[in-house]
Number of protein chains: 2
Amino acid sequence: MPELKSRQVSQLPPLQAIRVFEAVARHLSFTKAAGELGMTQAAASYQIKLLEERVGAPLFLRRPKQIVLTEAGQRMAPAVSEAFALLGGAYAAARSGADGVLCVSTLLTFASNWLAQHLGSFQVAHPSLAVRLDTSNRLVDFAREDIDIAIRSGGGNWPGVEVHKLFNADFTPMLSPKLAATIGGVKEPADLLRLPILDPGDIWWRDWFIAAGLPVEELAKRPGSSMGAQAYEANAAIAGQGVPIVTAAFFKAELADGRLIQPFDLVGDDGHAYWLVYPPARRNLPKIRAFREWILAELAGQ
Amino acid sequence: MPELKSRQVSQLPPLQAIRVFEAVARHLSFTKAAGELGMTQAAASYQIKLLEERVGAPLFLRRPKQIVLTEAGQRMAPAVSEAFALLGGAYAAARSGADGVLCVSTLLTFASNWLAQHLGSFQVAHPSLAVRLDTSNRLVDFAREDIDIAIRSGGGNWPGVEVHKLFNADFTPMLSPKLAATIGGVKEPADLLRLPILDPGDIWWRDWFIAAGLPVEELAKRPGSSMGAQAYEANAAIAGQGVPIVTAAFFKAELADGRLIQPFDLVGDDGHAYWLVYPPARRNLPKIRAFREWILAELAGQ
DNA sequence: TTCAGGCATAAGCCCTCCTTATGGGCCGTG
DNA sequence: CACGGCCCATAAGGAGGGCTTATGCCTGAA
């Protein structure tokens, strides 16, 4: 469609040439403008000549020691400068805006069990970065939603995204030291049978009982009450209300300060893990890099 | 200077990509925008992807039946549209402005002897074209002065300009019929010796006297009074005050209506001529073309 | 007169950007 | 439910725009 093309071309000037014109008009010098634009004087000369032919009139008068704008050039220069200022502003705004807000899509579990406790340190480290959490269990599609980076749980084999493993979604019983003390300490798995089990219907309990050699039937006898989020169960555990089976990695802080204890090294593992994922194209964006490095360091450093 | 270049590039976006972005943002469709810009959908997709990588954030969310602007895209779109409107306006203004005013540099002689009588018909034929005359005898340099087209006298061999010969700068005596009648008509060159010679010091008289076989000494005896412009001498001649030697082509109208007569076919010619000149690059500009065609037709048609 | 600064021009090459071709996702309809 | 249409993404390939280097010209200053 050469016709359409030529029509369009005549409506709007060659942009590269216009950019050069703007610089030349500001400096009133081909050489200086070329320097500012990072190109040679010859290139600037070429572009101006091109533009003059398109406009149909000279834009500069070549005087010995300097150039001056022609009437046509004077008409064009102010508006062009303003347009470029606008363009530059918009671009910069989009760029910095892109750096200023980080949209994290995260699983509910991860948000309440881990991010809630740790995000503060990220904010402190990057005060200029506003974090917007988008909490849902959908598998976000970076092409369709305005999301920068996400936490997913699963096998880690998603196409078209860059992934970093955060930790395995393993599970093991946890309880408060006080509760353990009520039965003289928890020495072996069977001791758990003498304590309240939180959410005994959880599939994880079943797996763990099997791995630990405990009778699965015991679980069925217990009163079932699913709390949903691990954080709630953990709180109940801290309060001494019973023993949940949870992902230890979520509660490193509680383990560290003694509010909770992990009585056994035995952990269940269904092969799933938590992953940090983002589009490969944005791997090196400052905010992506900042979040990635922070979260990996945070997990490694504890 | 790769450093400078990359710095610059990061300050201002890739312009072609921005132009595509503007169209896409307006249509909210890659395909339609590509159509408007006279390129393929693939090209639009490519440019948007490029821009998104530069900005560091997606600008559009790809939804099934249509695309929508992301937050970053929304921030950018209005300013970008405005900037392009500005650019388009400035460009159009420069373009049309370039077509609206025609600067003609002309020799004093030509202006008063020919243009003054004829320019009116050009104005009538091109009412939207304003003509600005720049009258001087300098040899204008199109690179240094804001001139569109010029009339020059000389050999016609100037480098770097396009030339059209208007007519030879020949010369021959002219006089009013009444003055001729006072001596019973002018039949042969020698008859002129019985009449007043206007500006007898003019080199043209000398040349013509020699060509006509008249005694050159006669000229020296006459009272010298140079009037300068041929138009003044012609007026004096019409008033019957004497005989000037002038370029016949300037006075076709006077010859046609009988105010002046050219008694002899003998014309002097020093090889010079009047020429229309302009930069080759502007050969096809509407206003250049209009003036050229008009002046050539005007001279041919008489 | 020579030198320095600045623009124009020519030749040549690289890389951007566009095209064609193809595939995938989602929608509607028969 | 399958099929065709619409729209966008991607890959490969090619043309030409636009940059660089090299050189020349002009002018004003020393």
Side-chain angles (χ1 to χ4, degrees), chain A residues 1-2 4-6 8-9 13-21 23-25 27-54 58-69 139 141-144 159-161 279-281, chain B residues 1-2 4-6 8-9 13-21 23-25 27-54 58-69 139 141-144 159-161 279-281:
Chain A
M1 47 189 87
L4 247 180
K5 182 163 190 177
S6 65
Q8 178 57 26
V9 156
L15 293 177
Q16 187 56 22
I18 286 268
R19 159 190 267 165
V20 174
F21 168 76
V24 174
H27 291 288
L28 287 179
S29 156
F30 285 48
T31 307
K32 293 207 188 80
E36 171 182 316
L37 296 175
M39 57 194 203
T40 59
Q41 169 270 323
S45 176
Y46 167 82
Q47 292 288 3
I48 294 299
K49 181 176 191 177
L50 203 107
L51 184 58
E52 287 178 327
E53 281 173 10
R54 277 291 181 72
L59 297 169
F60 298 97
L61 299 179
R62 279 73 167 174
R63 296 278 173 68
K65 242 351 198 183
Q66 74 170 28
I67 57 180
V68 299
L69 284 160
L139 201 68
D141 180 341
F142 293 102
R144 302 195 189 175
V161 293
Chain B
M1 45 191 89
L4 248 180
K5 183 163 189 175
S6 65
Q8 178 56 25
V9 158
L15 293 177
Q16 187 56 20
I18 286 269
R19 158 190 270 167
V20 175
F21 168 77
V24 175
H27 291 287
L28 288 180
S29 156
F30 285 49
T31 307
K32 293 208 189 80
E36 172 182 315
L37 296 175
M39 58 195 200
T40 59
Q41 168 269 323
S45 176
Y46 167 83
Q47 292 289 0
I48 294 300
K49 181 175 190 177
L50 203 106
L51 184 58
E52 287 178 327
E53 280 172 12
R54 277 289 180 71
L59 297 169
F60 297 97
L61 299 179
R62 280 73 167 173
R63 297 279 172 69
K65 235 359 196 181
Q66 73 170 25
I67 57 180
V68 299
L69 284 160
L139 201 68
D141 180 343
F142 293 102
R144 300 194 189 177
V161 293

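Lettering follows sequence order; numbering is per chain, from 1.
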Measure from [atom1] on [X] to [atom2] on [N] and round the result to the nearest Å.
| X | N | atom1 | atom2 | result |
| --- | --- | --- | --- | --- |
| A:His27 | C:dC7 | NE2 | P | 12 Å |
| B:Ile18 | C:dC17 | CD1 | P | 13 Å |
| B:Ile48 | C:dC17 | CD1 | P | 13 Å |
| B:Glu52 | D:dC8 | CD | P | 13 Å |
| B:Arg54 | C:dT16 | CZ | C1' | 11 Å |
| A:Glu53 | C:dA8 | CD | C1' | 13 Å |
| A:Ile67 | D:dT27 | CD1 | C1' | 15 Å |
| B:Met39 | C:dT20 | CE | P | 13 Å |

Check: Taking only residues two or more places apart in sequence or in another chain, which ones pass salt bridge (Lys or Arg N to Asp or Glu O under 4.0 Å) with B:Arg62?
Finding: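 So B:Arg62 forms a salt bridge (Lys or Arg N to Asp or Glu O under 4.0 Å) with B:Glu52.
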Checklist line | Partner set under salt bridge (Lys or Arg N to Asp or Glu O under 4.0 Å) for A:Arg144, not counting sequence neighbours | finding: A:Asp141
Check: Does B:Thr40 place a side-chain N or O at less than 4.0 Å from the phosphate oxygens OP1/OP2 of C:dC18?
Finding: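 Indeed not, no polar side-chain atom of B:Thr40 lies that close.
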Check: Do any side-chain nitrogens or oxygens of B:Thr31 fall under 4.0 Å of OP1 or OP2 in D:dC8?
Finding: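 It does, given that an N or O in the side chain of B:Thr31 lies less than 4.0 Å from OP1 or OP2 of D:dC8.
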Notebook entry, point to check: Could you state the interatomic distance from CD1 (A:Ile18) to CZ (A:Arg54), rounded to the nearest 0.5 Å?
Noted result: 10.0 Å
Margin query: Distance check, rounded to the nearest 0.5 Å: B:Leu69 atom CG versus B:Leu59 atom CG?
Written below: 8.0 Å
For [X], which residues count as a side chain to side chain contact (heavy atoms under 4.5 Å, CB included) partner, sequence neighbours excluded?
| X | result |
| --- | --- |
| A:Lys32 | A:His27, A:Ser29 |
| A:Tyr46 | A:Leu50 |
| B:Gln66 | B:Val68 |
| A:Ala43 | A:Met39, A:Thr40 |

Hey, what are the protein-to-nucleotides 26-29 of chain C N/O distances that come in under 3.5 Å?
{"unit_1": "C:dC26", "atom_1": "OP1", "unit_2": "A:Arg144", "atom_2": "NH1", "d": "2.9"}
{"unit_1": "C:dC26", "atom_1": "OP1", "unit_2": "A:Arg144", "atom_2": "NH2", "d": "2.7"}

Distances under 3.5 Å between nitrogen or oxygen atoms of protein and nucleotides 9-13 of chain D:
{"unit_1": "D:dA9", "atom_1": "OP1", "unit_2": "B:Arg62", "atom_2": "NE", "d": "2.4"}
{"unit_1": "D:dA9", "atom_1": "OP1", "unit_2": "B:Arg62", "atom_2": "NH2", "d": "3.1"}
{"unit_1": "D:dA9", "atom_1": "OP2", "unit_2": "B:Ser45", "atom_2": "OG", "d": "2.9"}
{"unit_1": "D:dA9", "atom_1": "N7", "unit_2": "B:Gln41", "atom_2": "NE2", "d": "3.1"}
{"unit_1": "D:dA9", "atom_1": "N6", "unit_2": "B:Gln41", "atom_2": "OE1", "d": "3.4"}
{"unit_1": "D:dT10", "atom_1": "OP2", "unit_2": "B:Lys49", "atom_2": "NZ", "d": "3.1"}

Notebook entry, point to check: So what does B:Gln66 hit on the nucleic acid, given a heavy-atom distance under 4.0 Å: a base, only sugar-phosphate, or nothing?
Noted result: nothing
Next item on the list: Assign the ring pair A:Phe60 / A:Phe21 to parallel, tilted or perpendicular, where the plane angle (0 to 90°) is split at 30° and 60°.
Entry: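 A:Phe60 vs A:Phe21 ring planes: tilted.
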Item checked: Partner residues of A:Gln16 under the side chain to side chain donor-acceptor pair (under 3.5 Å) criterion, sequence neighbours left out -> A:Arg19
Check: For the residue pair B:Ala23 and B:Ala33, what are the closest heavy atoms and their distance?
Finding: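 It is C-CB, 3.6 Å.
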Item checked: Overall bend - the helix from C:dT1-D:dA30 to C:dG30-D:dC1, comparing terminal axes fitted on five pairs, nearest 10 degrees ->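 That helix gives 20° between its end axes.
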